[in-house]
2 protein chains.
Amino acid sequence: MKAVAEPRGAAGVRRRLSEVIGAAAKVFAQRGYHGASTQDIADVLGIRQASLYYYFDSKEAALEAVCRDGHEAYVERLLRIARSDASASEKVAQVLLHHAAPERLDFTLVFLRERRFLPGPARKRIRALELRYERAIQRIVEQGIRSGEFRSDLDARMTTLALLGLGNSAAVWYGREPDVTPERMLRAYIDLLVRALRLTH
Amino acid sequence: MKAVAEPRGAAGVRRRLSEVIGAAAKVFAQRGYHGASTQDIADVLGIRQASLYYYFDSKEAALEAVCRDGHEAYVERLLRIARSDASASEKVAQVLLHHAAPERLDFTLVFLRERRFLPGPARKRIRALELRYERAIQRIVEQGIRSGEFRSDLDARMTTLALLGLGNSAAVWYGREPDVTPERMLRAYIDLLVRALRLTH
DNA sequence: CTCGAATTCTATTGTGCTATAGAATCGCCA
DNA sequence: TGGCGATTCTATAGCACAATAGAATTCGAG
């Protein structure tokens, strides 16, 4: 899997760094942060363990990079959905679709499970990203309530957490349950949620 | 927290073992299995690190004990709910209430996050418990569908996973979100799920 | 073809952790 | 009280790991 003779422009530099972060994400996702060794990451890249320290000051810094890298793209896609002029129901569906998309699953899983092992300052930085994400979802829910599309007795905060919880659980189940395809799971989850939020008439 | 001069009958023996398992659960929940050292567990108990090996053959065995201990009680309570003659909706509510009950949270969190680090044979043994649990929930959902209480177009398997996912996410959020009390969260979750499953009329 | 920066390498240090061996202590019961 | 099993202790082996220092190599730009 080693990249042979990659051109070395500024783009090449960034790409190589992404590869390294990707390798860390893969290994952290599989073995957990503390269960993974820097040697494991180096093996994926086909380089020596010590060479990793050209890219990271420490193993913890690698974890932060994985968490940040993974979540930044996430936040961005979410904000695009939130800004669209779709109905609240459609937005909820799209949020679930994107949140539990099986691409970059390694990053998602590492973020979900391992971010708590970040040292204090790094955890705070990641937490800030997280809050933007949660608040964007909550605004969608509140929009749905205000517009009369959703039930007015919803607890917006709890509903947000439910949406996140469902999405996260989907990510966890891919790869563990062979009969669970993302399509089947997402269809069921979206259906469930939208029915639960909408006014019954 | 050290037990001073505990009487040593057969009951005392079992209780001491429970204390040791409880200490392991606490430490594994806090730091993760690989992030926790046997020294950490010994510190909680006020004994020496090596003394733990009187109770366990290995750290992995301790993890299995925590997972088993935690989940066995879980399965038992669930089966009692399943056998009751309550309606499917009531059962779903009770399952969520019990599943996300904040007692023995350490055991739950360790089971959710760390069981995947068990070595093959042990993981298989734990997986068997898990399947009993999932199947019991799925039977409740199917009962609700057959009786006409729930929508007939539900995907019972996905619905089961949704219920589990919601319950698990609740467990994860206790202690992370200060404004989330178990009561508030469970009320919202139960309301959401029951509305989503019931026939609308 | 050469210079220099980017990248990877070799070699090593020190630390922390699991697990084992065997000695010492504790507390119940005869 | 003395013995015995249950429990905890001291001491240490042995390994895996993160991280540093500095040398060697690679590759594109000029």
Side-chain angles (χ1 to χ4, degrees), chain A residues 1-25 27-28 30-66 110 114 117-119 122, chain B residues 1-24 26-28 30-66 110 114 117-119 122:
Chain A
M1 215 48 60
K2 171 171 177 184
V4 208
E6 172 112 11
R8 295 293 178 81
V13 172
R14 239 174 292 124
R15 184 176 321 164
R16 182 57 171 162
L17 180 58
S18 291
E19 283 172 7
V20 174
I21 295 178
V27 171
F28 288 160
Q30 195 162 89
R31 316 203 173 187
Y33 172 68
H34 282 116
S37 70
T38 53
Q39 181 67 64
D40 295 330
I41 302 174
D43 286 346
V44 169
L45 294 164
I47 63 177
R48 299 280 165 177
Q49 177 260 343
S51 304
L52 281 178
Y53 285 79
Y54 176 72
Y55 297 99
F56 300 118
D57 289 342
S58 67
K59 196 183 164 191
E60 274 172 352
L63 176 58
E64 182 177 358
V66 172
V110 171
E114 317 293 338
F117 297 124
L118 285 171
Chain B
M1 214 50 60
K2 171 169 176 183
V4 210
E6 172 111 9
R8 298 291 178 83
V13 172
R14 237 174 295 126
R15 183 176 322 169
R16 181 57 171 164
L17 180 58
S18 292
E19 284 172 4
V20 174
I21 296 177
K26 180 176 178 174
V27 170
F28 287 160
Q30 194 160 90
R31 316 202 175 193
Y33 172 68
H34 282 117
S37 71
T38 52
Q39 180 67 64
D40 295 331
I41 303 175
D43 286 347
V44 169
L45 294 164
I47 63 177
R48 299 279 165 178
Q49 177 263 346
S51 304
L52 281 178
Y53 285 78
Y54 177 72
Y55 296 98
F56 300 117
D57 289 343
S58 67
K59 195 184 164 189
E60 273 172 351
L63 176 58
E64 182 177 358
V66 172
V110 171
E114 317 294 338
F117 298 123
L118 285 171

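Note that these values count all heavy atoms, side chains included, but never hydrogens, waters or copies made by symmetry. Protein chains get the first letters and strands the later ones, always in sequence-line order, with residue 1 at the start of each. From a predicted model like this one, the values you see are computed outputs, not experimental measurements.
- For residues 52-63 of chain A, there are no salt bridge (Lys or Arg N to Asp or Glu O under 4.0 Å) pairs, not counting sequence neighbours.
- Contact annotation for A:F56: no contact, since no heavy-atom pair falls under 4.0 Å across all strands.
- With sequence neighbours left out, B:E64 forms a salt bridge (charged side-chain N to carboxylate O under 4.0 Å, His left out) with B:R68, B:R125.
- Under the salt bridge (Lys or Arg N to Asp or Glu O under 4.0 Å) criterion, the residue pairs touching residues 32-44 of chain B are B:R31-B:D40, with sequence neighbours excluded.
- Regarding B:E19, its CD atom lies at a distance of 13 Å from the C1' atom of D:dT7, rounded to whole Å.
- Taking the six-membered ring where tryptophan is involved, the planes of B:H34 and B:F117 are perpendicular, since the angle between them exceeds 60° and thus also 30°.
- A close approach under 4.0 Å does occur between a side-chain nitrogen or oxygen of A:Y54 and OP1 or OP2 of C:dT7.
- Within the model, atoms OH of B:Y54 and CG of B:L17 stand 10.0 Å from one another, a figure rounded to the nearest 0.5 Å.
- The end-to-end axis angle of the helix from C:dC1-D:dG30 to C:dA30-D:dT1, rounded to 10 degrees and based on five pairs per end, is 10°.
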Any N/O pairs under 3.5 Å between the protein and nucleotides 16-18 of chain D? List them or say none.
unit_1	atom_1	unit_2	atom_2	d
D:dA18	OP1	A:K59	NZ	3.1
D:dA18	OP2	A:T38	N	2.8
D:dA18	OP2	A:T38	OG1	2.8

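- Separation of atoms CZ (B:R14) and CD1 (B:I21) is listed at 12.0 Å; rounding is to 0.5 Å.
- The side chain of A:S51 contributes no N or O atom lying less than 4.0 Å from OP1 or OP2 of C:dT7.
- Under 4.0 angstrom from either OP1 or OP2 of C:dT7 there lies no side-chain N or O belonging to A:R16.
- With sequence neighbours left out, B:R48 forms a salt bridge (charged side-chain N to carboxylate O under 4.0 Å, His left out) with no residue at all.
- Residue B:R48 contributes atom CZ, which lies 8 Å from atom C1' of D:dC9 at whole-angstrom precision.
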